[in-house]
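Have a look at the structure that comes next, please.
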Amino acid sequence: MDFNRLFLTCPSLRLARPLHSLFIVAGRTGDSLLSTKLLNLYSRLGDLPSSILVFEHSPAKNVVSWNSMISCYVRHGLFSQAVGCFRRLLATPGIRPDAFTFPVTLKACQDLDVAKNMHSLVFKMGFVWNVFVSASLIHVYSRFGSLGNAEKAFGEMPYRDLGSWNAMVSGFCLNGKAVEALRVFEEMIREEVGMDKVTISSILPVCAQLENLLMGMSIHVHVIKRGLNSDIFVANALIDMYAKLDCLDEARRVFDGMEEKDLITWNSIIAGYEQAGNPSMALKLFDMMKECGIEPDILTLVSLASVVAQLGDNRRGRSVHCYVMRRGWDGDDIVVGNAMVDMYAKLTNIKPAQEVFNRMPAKDVISWNTLIAGYSQNGLANEAIETYEYMEKYEGVAPSQGTLVSVLPACSHVGALQQGMRIHGRSIHIGLEVDVFVATCLVDMYAKCGRLQDAMLLFERVPKRSTGPWNAIIAGHGVHGHGDKALGLFSDMQQEGVKPDQVTFVSLLSACSHAGLVDQGRQCFQIMQTTYGIKPATKHYACMVDLLGRAGQLDAAYKFIKSMSLRPDSGVWGAFLGACRIHGNVEMGALVSNYLFEVDPENVGYYVLLSNMYAKVGKWDGVDEVRALVRRRHLQKTPGWSSIEVNKKVHVFFTGNQTHPLYEKIHKEIGILSAKMKSLGYVPDYSFVLQDVEEDEKEHILTSHSERLAIAFGIISTLPRTPIQIYKNLRVCGDCHNATKFISRITEREIIVRDSNRFHHFKDGSCSCGDYW
DNA sequence: CTAGGGTTAG
């Protein structure tokens with residue numbers, strides 16, 4: 001019986017067991033060499049209990065037997081047993097660890113102190129000379145983030161091979177130190193150590209992180225020259241690197257050229273398409289992956305969650321979630337839980353997002369950020385702010401950059417200045433005020449909360465190399481009606497060499513339109529295309545139509561729409577309809593509404609606009625017609641609401657809302673104000689009442705508009721002459737606009753109303769917007 | 001007969 005050969009070549013457990021019996025019957029168990037080979041046979045075939053059995057019953061164990069047993073434990077992930085086995089080895093008389101013992105034992109180390117003890121033993125026994133041992137030491141130190149010790153071990157090596165250098169490079173990669181990793185890599189090249197597939201698969205992610213495409217490509221060339229393509233680690237790293245650097249075509253070429261693909265290959269290419277905003281291709285590849293018989297893992301599902309969110313596919317979203325639950329991943333992985341919250345939020349299903357969040361057994365700061373961002377993006381600004389406060393106050397979680405950029409837009413949205421300022425304070429405290437993204441959100445927040453000067457002061461101190469801060473401050477001036485300032489900032493931006501993007505031009509064009517700067521607006525539209533090569537999107541066209549229409553050039557606006565290279569969307573026609581309404585052109589308005597009701601039949605706002613126009617000129621049959629259409633299509637008016645912040649709390653009022661605790665007092669105040677207003681010449685304009693009711697009922701409806709309630713509440717709950725600032729989710733009603741002029745005069749208060757379109761500054765009986773009603 | 005250093009995440 002040639003046990004030696006049989007043990008080395010035996011392919012399955014089915015054959016191994018009878019072989020084992022024969023081995024015992026033949027009385028060869030005392031042969032330590034053969035026993036160890038049997039142990040390794042079981043280890044190779046994954047039968048841990050049999051490996052242990054052979055080891056423990058072997059009467060003669062040499063150091064190789066011990067080493068093999070330790071390896072066997074490590075192979076099965078039983079690290080503490082491996083270390084225990086090593087300790088028994090040390091305690092066994094006549095046995096000394098050798099150079100083979102340390103690499104595998106160091107792999108099993110689960111704590112830094114154990115590793116350090118091991119290091120001193122290695123040193124005492126003179127094994128630092130062995131490159132395998134030293135590389136393991138470097139690696140174990142890196143695993144525990146102890147890069148100083150890793151570098152020391154590296155520096156103390158009397159002789160280094162390629163593997164030692166690789167250990168050092170990967171040590172830095174493991175700890176996210178891309179710059180240092182690259183430094184070591186470049187040193188390797190200088191010292192002519194060369195590189196192999198291991199070096200390359202470690203350094204490619206660094207190229208991605210440092211956005212160094214050139215280095216990545218030159219490494220790719222080296223890979224092809226040396227025929228390293230076939231290494232799956234290298235190919236996977238190439239795919240990932242190209243995908244992260246927006247070279248998806250190149251990533252795909254590598255992917256298509258691979259004869260063997262594993263889970264990581266598929267995950268990398270799927271994530272690439274997902275990140276590039278091509279969810280349908282990502283989904284197609286996911287299906288292909290399943291066809292190849294590859295089982296998805298957590299990372300696949302994280303990408304898939306984002307894919308279905310981008311596709312807006314609710315049905316698939318639920319099945320993704322079900323899959324995650326079936327595999328029990330929602331219980332022990334925070335990342336996948338966060339991905340589920342994010343997916344539901346992006347699918348605008350905020351309830352299930354909340355439920356997943358609440359059921360998560362462990363949460364990190366990103367879980368909170370995801371929920372807060374989910375609320376913000378779904379218009380639930382108050383929930384976003386409250387969740388932020390809860391997170392800080394009761395959970396003691398410190399906000400991160402992501403938290404601030406999620407919660408600040410919520411403050412901007414409802415005009416929560418005091419809350420926003422508190423968060424500003426917090427960001428200074430944690431040193432994030434200097435972060436460009438946070439600072440941009442702060443600029444936006446101050447501007448949208450009516451503090452344009454503060455926004456400007458902050459803007460001055462922000463690093464201005466990217467478009468973000470510029471876009472925010474230009475838009476800020478735009479909504480406040482300061483078109484000239486916006487244009488000035490735009491030229492500053494150009495002077496500083498910052499290349500404007502499409503968002504810049506949306507802000508700029510809308511700034512021109514709010515300020516009535518027609519010629520400048522036209523010019524911007526030209527510059528955008530000629531100087532900056534930006535193709536106008538429908539948003540830009542909508543701004544232009546708004547600009548021309550608002551200025552009374554309805555014919556020009558109409559011609560402009562007809563000349564568009566894109567199919568006009570509801571935003572474009574909506575802008576035109578708005579212009580018709582401002583200039584009382586009912587015929588054109590009616591014509592355009594037909595387009596609108598076709599492109600965007602669900603948007604009730606347009607029906608209301610047309611109906612308002614008919615009512616204004618007393619065409620009641622027109623009003624009835626629109627109303628009937630709304631009923632036939634089973635549409636519901638978007639509920640109007642206004643918010644005001646008093647004592648760091650945002651109060652929200654809906655139209656006709658009587659549930660506020662101070663409702664009686666608010667109602668009384670409105671009565672007092674109405675009387676004073678009428679004595680100064682205010683006449684209610686019932687054309688803004690769409691309901692078909694009696695006169696006095698109409699007046700009641702106007703005085704129950706949410707903006708009126710919010711203003712009255714502001715008056716009774718703040719000191720005299722305190723400026724009042726409110727936010728209204730829709731366009732402010734024309735009658736309320738007129739009424740607010742009177743209220744600002746009577747109460748001697750500055751009243752700032754931000755509606756879905758712009759700011760209205762009311763002071764001494766007039767409004768800054770100066771137009772429209 | 002036994003050994004080191006490698007790729008994907010919100």
Side-chain angles (χ1 to χ4, degrees), chain A residues 3-5 7-8 31-41 43-44 62-72 74-75 97-107 127 130-140 142 150 154 160-171 173-174 195-206 208 228 231-241 243-244 262-272 274-275 297-303 305-306 309 333-343 364-367 369-370 373 402:
Chain A
F3 285 112
N4 191 16
R5 203 179 54 85
F7 285 164
L8 286 177
D31 186 332
S32 66
L33 196 145
L34 280 180
S35 287
T36 306
K37 282 193 179 167
L38 181 59
L39 191 170
N40 281 315
L41 169 62
S43 172
R44 177 161 54 85
N62 60 19
V63 67
V64 182
S65 319
W66 286 94
N67 292 346
S68 299
M69 194 61 235
I70 296 170
S71 299
C72 184
V74 170
R75 185 176 283 170
D98 67 2
F100 286 81
T101 315
F102 288 101
V104 69
T105 312
L106 284 165
K107 216 185 214 170
F127 286 126
N130 184 300
V131 286
F132 291 87
V133 174
S134 287
S136 301
L137 277 169
I138 293 167
H139 185 251
V140 76
S142 307
F154 182 67
R160 297 177 191 141
D161 72 347
L162 184 52
S164 332
W165 284 90
N166 286 343
M168 203 57 241
V169 172
S170 82
C173 296
L174 226 50
M195 54 174 129
D196 66 358
K197 55 192 182 176
V198 176
T199 328
I200 291 169
S201 44
S202 317
I203 206 70
L204 282 173
V206 171
L228 297 171
D231 188 85
I232 202 157
F233 282 80
V234 169
N236 289 346
L238 276 169
I239 292 174
D240 184 63
M241 185 268 300
K244 287 213 173 89
D262 66 2
L263 179 61
I264 295 179
T265 318
W266 289 99
N267 281 351
S268 303
I269 195 79
I270 290 171
E274 173 255 308
Q275 295 277 324
D297 71 348
I298 292 189
L299 265 59
T300 325
L301 268 290
V302 168
S303 293
S306 163
D333 194 281
I334 297 184
V335 176
V336 88
N338 294 345
M340 292 303 105
V341 175
D342 189 51
M343 176 188 76
D364 61 10
V365 66
I366 296 179
S367 317
N369 297 352
T370 309

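Quick note on labels: first sequence line is chain A, next is B, and so on, each numbered from 1.
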Q. Side chains of A:R44 and A:N40: does their closest heavy-atom pair fall under 4.5 Å?
A. no
Q | Spacing between A:D333 atom CG and B:dA9 atom C1', to the nearest angstrom | A | 9 Å
Q: Would you say whether A:F132 stacks on B:dG4? The test is a distance between ring centres of less than 5.5 Å and an angle between planes of less than 30°.
A: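 Stacking is absent between B:dG4 and A:F132, given that the ring centres and planes do not meet under 5.5 Å and under 30°.
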(Q) Applying a 4.0 Å non-hydrogen cut-off, can you work out what A:Q275 is touching in the nucleic acid: base, sugar-phosphate, or nothing? (A)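 Touches sugar-phosphate only.
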Q) Phosphate oxygens OP1/OP2 of B:dG6: is one of them under 4.0 Å from a side-chain N or O of A:S170? A) yes
Q) So what does A:I270 touch, heavy atoms closer than 4.0 Å: a base, only the sugar-phosphate, or nothing? A)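 A:I270: no heavy atom of the nucleic acid under 4.0 Å.
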(Q) Can you confirm whether A:L41 sits close enough to A:L38 that some side-chain heavy atom of one is under 4.5 Å from a side-chain heavy atom of the other? (A) yes
Q.
Tell me if the side-chain of A:N236 makes a donor-acceptor pair with the base of B:dG6, cut-off 3.5 Å, by modelled atom types.
A. no
Q | Atom pair distance, as rounded to whole Å: CG in A:L228 and C1' in B:dG6 | A |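 Atom-to-atom, A:L228 to B:dG6, this comes out as 12 Å.
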(Q) Donor-acceptor pair, distance only, cut-off 3.5 Å: does the side chain of A:S201 make one with the backbone of A:K197? (A)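 Flag set: sc A:S201 to bb A:K197 pair under 3.5 Å.
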(Q) Need one value for A:V104: base, sugar-phosphate or nothing, where a base atom within 4.0 Å counts as base even if backbone is also close, heavy atoms only. (A)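 If one applies the 4.0 Å heavy-atom cut-off, A:V104 turns out to touch nothing in the nucleic acid.
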Q) A:K244 side chain N/O closer than 4.0 Å to the phosphate oxygens (OP1, OP2) of B:dA9? A)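 So the side chain of A:K244 is within the cut-off, an N or O lying under 4.0 Å from OP1 or OP2 of B:dA9.
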Q) Under 5.5 Å between ring centres and under 30° between planes: does that hold for A:F100 against the base of B:dT2? A) yes
Q) Across the strands shown, which category fits A:T36 at heavy-atom distances under 4.0 angstrom: base, sugar-phosphate, nothing? A)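 Counting heavy atoms under 4.0 Å across all strands, the contact made by A:T36 includes a base.
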Q.
Using a 4.0 Å heavy-atom cut-off, does A:V336 contact any base of the nucleic acid, only the sugar-phosphate backbone, or nothing at all?
A. nothing
Q.
Nearest whole Å is fine: how far is B:dA9 C1' from A:I298 CD1?
A. 10 Å
Q) In whole angstroms, how far is the C1' atom of B:dT8 from the CD1 atom of A:I203? A)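 The answer, rounded to whole Å, is 17 Å.
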Q.
Base, sugar-phosphate or nothing for A:L162? Non-hydrogen atoms, less than 4.0 Å.
A. base
Q) Heavy atoms under 4.0 Å, any strand shown: does A:N130 hit a base, just sugar-phosphate, or nothing? A)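 Base: the residue A:N130, judged by heavy atoms under 4.0 Å, touches a nucleobase.
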